[in-house]
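Note that the structure is predicted; figures quoted are calculated from it, not measured.
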Amino acid sequence: MVRVLLVALVALVLPLALVPAVSARALDEQIASKALRGTVHARVVLPAGYASSGERYPVVYFLHGLPAGPDAYDQSRWLGRTLRQLHRAAILVEPQGARDGDSDPEYLDWGSGRDWETYVAQELPRWVDAHFRTIPTRAGRAIVGLSAGGYGASLVGFDHPGRFAVVESWSGYFHPTDPTGHRPLDRGSEAKNAQADVHLLVAADARARTLPAFFGFYVGSRDTRFRAENARLNRELNAERVPHAFTVYPGGHTTALWQAHAAEWLRMALNHLAGAR
């Protein structure tokens, strides 16, 4: 009788004991930033088994669209669900890319307290590597983004080629725009405008042979704001014989398009990163 009771208790307790080891975990982290002169947030999704594996993991940094409020980083939970469904061991980091009074910084450096590019490219990976078991090298990092986040990912990825092995833009663009997406932003000088132009950054990296291991981008066929520029970059890359992936999908500039293709593009990113070890 005692043995039966013990078996029953083990059967009840064992599934509960396994939950932390097999379930993915999402954290809302606060990060002190010198570049932004304040505290900003990031959503960090740890893979299943992280708590008990002892392994180090590749990291996918995902930039949200703009203009946005300060909590936009926490509004794409479907990304974490998609990554879990792939059964691929990786850490997903979704950083805050805007805040009250600064809703459309375009992931650029604007000066003291508004240096978003410096935060995303340098401070954020350094903080993540210090607080989680990552593969803390270029081979273990991808930067991906949608819409304005696609511009941010391309800007950061090509402006800091030694930091990210994978760069992806989902319905993004390749020069900074105003909140409507129709007009370019003037940064005040020809030099600053050139520094923010991904077309020029890609060409410079191609000449220096410092390209990422994988660069891919896509756009919707009915995306009237950004399809033409995506097609232009594709032509430029083909002319320079730069390896890349480019697709035009049926659809517009919508969450439905990004959700429909998220699994495919996350898988492509992870295929070009070092695996958990």
Measure across Ala68 and Ala72 and return the closest heavy-atom pair with its distance rounded to 0.1 Å. CB-CB, 3.6 Å
Closest non-hydrogen contact found for Gly220 with Val248 is C-CG1, 4.2 Å
The remaining residues in the hydrophobic cluster of Tyr218, counting side-chain heavy-atom contacts under 4.5 Å among Ile, Leu, Val, Met, Phe, Trp and Tyr, are Val45, Val60, Phe62, Trp78, Leu79, Leu83, Leu86, Leu92, Val144, Leu146, Val166, Trp170, Phe214, Tyr249, Leu257, Trp258, Trp265, Leu266, Met268, Leu270, Leu273
For residues Tyr107 and Leu201: do they belong to one hydrophobic cluster (side chain heavy atoms under 4.5 Å, members Ile, Leu, Val, Met, Phe, Trp, Tyr)? yes
Going from CG on Leu155 to NE2 on His175, what distance comes out if it is rounded to the nearest 0.5 angstrom? 13.0 Å
Tell me, do Ile91 and Pro47 make a side-chain contact under 4.5 Å, heavy atoms counted? yes
Any pair counted as side-chain hydrogen bond (donor to acceptor under 3.5 Å, both in side chains), so long as it reaches residues 138-147, sequence neighbours left out: Asp129-Arg141, Ser147-His253
I'd like to know if the side chain of Tyr119 pairs up with that of Gln96 as donor and acceptor (distance under 3.5 Å, no hydrogens or angles considered). no
Roughly how far, to the nearest 0.5 Å, is the NE2 atom of His87 from the CD atom of Gln85? 8.0 Å
If we only count heavy atoms from C-beta on, is the Leu211 to Pro161 side-chain gap below 4.5 Å? no
If you define the side chain from C-beta out and look only at heavy atoms, does anything of Arg163 sit under 4.5 Å from Gln122? yes
Qualifying side-chain hydrogen bond (donor to acceptor under 3.5 Å, both in side chains) pairs with a residue from residues 150-160, counting only residues at least two apart or across chains: Glu117-His160
Residue list, side-chain hydrogen bond (donor to acceptor under 3.5 Å, both in side chains) with Thr118, at least two apart or on another chain: Asp109
Name the orientation class of the two ring planes belonging to Trp127 and His131 (parallel below 30°, tilted from 30 to 60°, perpendicular beyond 60°). parallel
Would Leu63 end up clustered with Leu185 when hydrophobic side chains under 4.5 Å apart are linked, directly or stepwise? yes
Is any side-chain heavy atom of His244 less than 4.5 Å from a side-chain heavy atom of Asn238? yes
Within this structure, what is the CZ-CZ distance for the pair Phe174 and Phe217, rounded to the nearest 0.5 Å? 5.5 Å
Taking every heavy atom of Leu108 against every heavy atom of Pro176, the minimum-distance pair comes out as CD1-CB, 3.8 Å
If you measure from NE2 on His199 to CZ on Arg232, what distance do you get to the nearest 0.5 Å? 4.0 Å
A cation-pi test, strictly: NZ or CZ of Arg133 under 6.0 Å from the centre of the six-membered ring of Tyr50 and no more than 45 degrees from its axis. Yes or no? yes
Between the main-chain N or O of Thr180 and the side-chain N or O of Arg225, is there a donor-acceptor pair closer than 3.5 Å? yes
With side chains defined as the heavy atoms from C-beta onward, is the minimum distance between Phe215 and Leu233 less than 4.5 Å? yes
Within the 3.5 Å criterion, strictly below it, is a donor on Asp102 or Trp116 matched to an acceptor on the partner's side chain? yes
Gln30 and Thr39: CA distance, side-chain angles, deciding distance, side-chain hydrogen bond (donor to acceptor under 3.5 Å, both in side chains) verdict: CA-CA 6 Å; Gln30 299 185 53; Thr39 299; 5.3 Å; no
Side chains of Ile31 and Glu123, heavy atoms from C-beta outward: is any pair under 4.5 Å? no
CG of Leu27 to NE2 of His41: how many Å apart, nearest 0.5 Å? 13.5 Å
Check whether any side-chain heavy atom of Ile135 lies under 4.5 Å from a side-chain heavy atom of Val59, and answer yes or no. no
Write out all pairs satisfying side-chain hydrogen bond (donor to acceptor under 3.5 Å, both in side chains) with one or both partners inside residues 54-67, taking only residues at least two apart or from two chains. Ser53-Tyr57
Least distance between heavy atoms, Arg43 atom then Ala26 atom: NH2-CB, 3.5 Å
Grab the two heavy atoms, one from Gly145 and one from Ala153, that are nearest each other, plus how far apart they are. N-CB, 3.8 Å
What residues, two or more places apart in sequence or in another chain, satisfy side chain to side chain contact (heavy atoms under 4.5 Å, CB included) together with Pro243? none
I need the Asn234 CG to Thr247 OG1 distance, nearest 0.5 Å. 9.0 Å
Smallest separation among heavy atoms of Ser169 and Gly150, with atom names: OG-CA, 3.6 Å
